[in-house]
There are 2 protein chains.
Amino acid sequence: MASNRPHAAAPSQEVALIGRLTQQRAIVLEALMAVEGFVGAQALHNRLTGDGTPVGLTTVYRTLTAFAEAGRADIVRDGNGERLFRYRPGPDHRHYLLCTECGLSRPVDSDPVETWARKIARTSGFTNVRHTVELSGICPDCREGTAPSPNGGRPA
Amino acid sequence: MASNRPHAAAPSQEVALIGRLTQQRAIVLEALMAVEGFVGAQALHNRLTGDGTPVGLTTVYRTLTAFAEAGRADIVRDGNGERLFRYRPGPDHRHYLLCTECGLSRPVDSDPVETWARKIARTSGFTNVRHTVELSGICPDCREGTAPSPNGGRPA
DNA sequence: GTTTTTGCAAAGCTTTTGCAATCCG
DNA sequence: CGGATTGCAAAAGCTTTGCAAAAAC
């Protein structure tokens, strides 16, 4: 539904950022870029295996971690302790509103948070201040028909 | 060093919220309340064992989870996939600035974020919108003498 | 006395590491 | 060629579950 982004051409340059240009890394990064929003390493691995381009799970983990460390991907933790990765197009980052039912993610305007975080960083005396902001909820689609309430209906 | 809060009296009422009033649950909740900020289940278990009030790790997990489900505790994930729990005194919550070196946590003014999150919740079409905001950095103490830069010195 | 709760041991999960074979440059 | 990279298998870490003994009501 919401994931028909024309995935960019083979990201050779991006791959080069983390070491040698290998087929596997290109595959992993391409798959990452093709996904809108966040994906788990295992989900990505499954997708690749299904696509007929099997890449070792270890390699997927290593590649994604390397990209994150190179500043080309963001990481969040989902509710089960799984790490989700998202390709980061530019130097600045966005924040997303994640649907806890279907995993749909939608970017939100996060300027106020950025400003707030910068102010905290300035006035706190702390250095290297980083922030993680995660919004989650149930998207309109899931609310209506698709999923009754696998959550148990707990209020906020 | 920074955790000398006069821990509240035995929280019988709170315990009752999640089932039978048992010694172990009282111990766990009391320990949770005595901590300022977030604690991991294992850390709490260690502390209790050291205090001479050994409680099974399983029980700590179950009790904390139950409290969280009863809405009396908040949960965040730290960078290693560990779940950290914090007793929630009231219906509203605070956000903290965590030192990545020593674990010190300091509450920060989070009104702007709350306002922002509420606005997103209103305008997004999502329901049950929750937010997680985590600020981390290196506190002044750690910056000066204790730890040179175990982080590797990566900028924000 | 009955039902919940406890706690040990074992399993479950995601993620990381060791190491020989392989591929890139 | 030489060194980085791959991938399988095994390990690591945190959390959950099964089940008999113990405690609460």
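Each chain gets a letter, A, B and so on, in the order the sequences are listed, and its residues count up from 1.
Rounded to whole angstrom, the span from the OH atom of Y61(B) across to the P atom of dC8(C) amounts to 15 Å. E82(A) places its CD atom 17 Å from the C1' atom of dT16(D), with the value rounded to the nearest Å. Between the CD atom of Q23(B) and the P atom of dC25(D) there is a distance of 11 Å, given to the nearest Å. If you measure from atom CG of L64(B) to atom P of dG7(C), you get 13 Å, rounded to the nearest angstrom. Taking atom CZ on R20(A) and atom P on dC24(C), their separation rounds to 10 Å, with Å as the unit. Atoms CZ (F38(A)) and C1' (dT14(C)) sit 18 Å apart, rounded to a whole Å.
Remark: T58(B) OG1 to H45(B) NE2 distance equals 8.0 Å, nearest 0.5 Å. Rounding to the nearest 0.5 Å gives a distance of 6.0 Å between CG of D74(B) and CZ of F38(B). From T59(A), atom OG1 reaches atom CZ of R62(A) across 5.5 Å, with rounding to the nearest 0.5 Å. Remark: I120(B) CD1 to S110(A) OG distance equals 8.0 Å, nearest 0.5 Å.
Follow the hydrophobic side-chain contacts under 4.5 Å out from L48(A) and you reach M33(A) in the same cluster. L21(A) is connected to L64(A) through a chain of hydrophobic side-chain contacts under 4.5 Å among Ile, Leu, Val, Met, Phe, Trp and Tyr, so both are in one cluster. With hydrophobic clusters built from ILVMFWY side chains whose heavy atoms lie under 4.5 angstrom apart, V35(B) shares a cluster with V55(B). Under a hydrophobic-cluster definition in which Ile, Leu, Val, Met, Phe, Trp and Tyr are linked whenever side-chain heavy atoms come within less than 4.5 Å, directly or via other members, F85(A) and I27(A) are assigned to the same cluster. In the hydrophobic clustering of ILVMFWY residues, with side-chain heavy atoms under 4.5 Å counting as a link, L57(A) and I75(A) come out apart.
Under 4.0 angstrom from either OP1 or OP2 of dA4(D) there lies no side-chain N or O belonging to T22(A). Contact annotation: R83(A) side-chain N/O to dC14(D) OP1/OP2 distance is not under 4.0 Å. Between Q24(A) and dG7(D) there is a side-chain N or O to OP1 or OP2 distance below 4.0 Å. Remark: R25(A) is in phosphate contact with dT6(D), judged by side-chain N or O atoms under 4.0 Å from OP1 or OP2.
The base of dT6(C) is not paired with the side chain of R62(B) by any donor and acceptor separated by under 3.5 Å.
Only V55(A), G56(A), T58(A), T59(A), listed by number, bring a heavy atom of residues 50-59 of chain A to less than 4.0 angstrom from any atom of DNA chain D. Against DNA chain D, the stretch residues 41-48 of chain A makes no heavy-atom approach under 4.0 Å.
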* To do: Show the numbers, then the answer: is there a side chain to side chain contact (heavy atoms under 4.5 Å, CB included) between R83(B) and T65(B)?
  => CA-CA 10 Å; R83(B) 289 216 294 207; T65(B) 302; 3.9 Å; yes
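Taking five base pairs at each end of the helix from dG1(C)-dC25(D) to dG25(C)-dC1(D) and finding the rotation axis that steps the C1' atoms of four pairs onto the next four gives two axes whose angle is 40°, to the nearest 10°.
By the 4.5 Å heavy-atom criterion applied to side chains, L135(A) and W116(B) are counted as neighbours.
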